[in-house]
Structures are given as structure tokens and as C-alpha cells.
Amino acid sequence: VGAKAHSFLKMRRSAPPKLRFKAGQRVLCHMGNDQWVRGSIVKLWPQQGKGQYAPYLIRLDDFSTSRSNKKKDSGHGDKGNSENANKEGQIIYAPADNDGVIRAAR
């Protein structure tokens with residue numbers, strides 16, 4: 001997808017670009033500082049605001065054990081606020097469909 005890593009794609013009336021992952025698929029999400037957190041795709045092309053969409057909505061497995069109390073990096077998408085950062089099942093948006101942001105879990 002041609003979206004920049006820090007911006008959301010504005011959808012047009014035509015069909016959205018095809019994505020690499022499907023709803024329910026297991027993925028790894030880049031959370032900054034070389035940390036990747038496992039999660040599941042919840043929805044494709046969720047709406048972020050009027051006319052703005054992100055490629056993926058993802059439910060993380062357990063953000064707290066992966067973060068090890070390191071400072072939160074806000075470099076990729078909407079990761080919620082720091083009060084929710086240690087809760088299992090946190091919902092995030094992947095702002096782009098590329099291996100630097102989201103990749104298949106093994």
C-alpha cells in the first residue's frame with residue numbers, strides 16, 4: 001500500500017487497495033525500539049475519522065510483557081495512551097501495510 005508510515009490513507013469511492021493480511025490472521029506489530037508484539041487482525045480498513053482509514057485494526061496479545069517498562073514510542077499509529085499500554089487486548093491501528101510496521105507471525 002502506498003500510504004506513508006505516519007499518515008492514514010484517504011479512501012476514495014473506488015475499492016481500497018488489497019492488503020497482505022486478512023481478519024483473524026496472526027501478526028507481529030512494530031511498537032518502536034526494535035520491539036514487536038503479537039496480535040490478531042480485527043478489521044481491515046477501519047475508519048479513523050471523517051474520510052480517513054488505516055489498513056488494519058489489531059488486538060494485541062499482551063503489550064506489558066513485551067515492553068518491559070520501557071518508554072512508549074509513538075512512532076507508528078495510534079497505540080492508545082500510557083494508562084492502557086500494559087493491558088492485554090489493547091487495540092491499535094497499523095498506519096501502513098509494510099514489513100516495517102506489521103508482519104506475519106510465525
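Quick caveat: nothing in here was measured; it's all calculated off a predicted structure.
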Measuring from atom [atom1] of [X] to atom [atom2] of [Y], what distance do you get when rounded to the nearest 0.5 angstrom?
{"X": "Trp36", "Y": "His30", "atom1": "CH2", "atom2": "NE2", "answer": "5.5 Å"}
{"X": "Arg38", "Y": "Arg106", "atom1": "CZ", "atom2": "CZ", "answer": "10.0 Å"}
{"X": "Gln25", "Y": "Leu44", "atom1": "CD", "atom2": "CG", "answer": "9.5 Å"}
{"X": "Leu19", "Y": "Ile41", "atom1": "CG", "atom2": "CD1", "answer": "8.5 Å"}

Looking only at heavy atoms, what is the nearest atom pair of [X] and [Y], with distance?
{"X": "Trp45", "Y": "Pro17", "result": "NE1-O, 3.3 Å"}
{"X": "Gln47", "Y": "Gly49", "result": "NE2-O, 2.8 Å"}
{"X": "Ala94", "Y": "Pro55", "result": "O-CD, 3.0 Å"}

Using the rule given for side chain to side chain contact (heavy atoms under 4.5 Å, CB included), can you reason through Arg26 versus Phe21, listing the C-alpha separation, both sets of side-chain angles and the distance that settles it, and then say yes or no? CA-CA 9 Å; Arg26 302 286 295 151; Phe21 305 113; over 6 Å; no

Among Val42, Ile58, Leu57, which residue meets the side chain to side chain contact (heavy atoms under 4.5 Å, CB included) test with Ile92? Ile58

Within the distance-only criterion (no hydrogens, no angle test), does the side chain of Asp61 pair as donor or acceptor with the backbone N or O of Val37 below 3.5 angstrom? no

Between the main-chain N or O of Gly100 and the side-chain N or O of Asn98, is there a donor-acceptor pair closer than 3.5 Å? yes

Using the rule given for salt bridge (charged side-chain N to carboxylate O under 4.0 Å, His left out), can you reason through Asp99 versus Arg20, listing the C-alpha separation, both sets of side-chain angles and the distance that settles it, and then say yes or no? CA-CA 10 Å; Asp99 282 340; Arg20 296 179 297 154; 2.7 Å; yes

Can you find a heavy atom in the side chain of Tyr93 that is under 4.5 Å from one in the side chain of Cys29? no

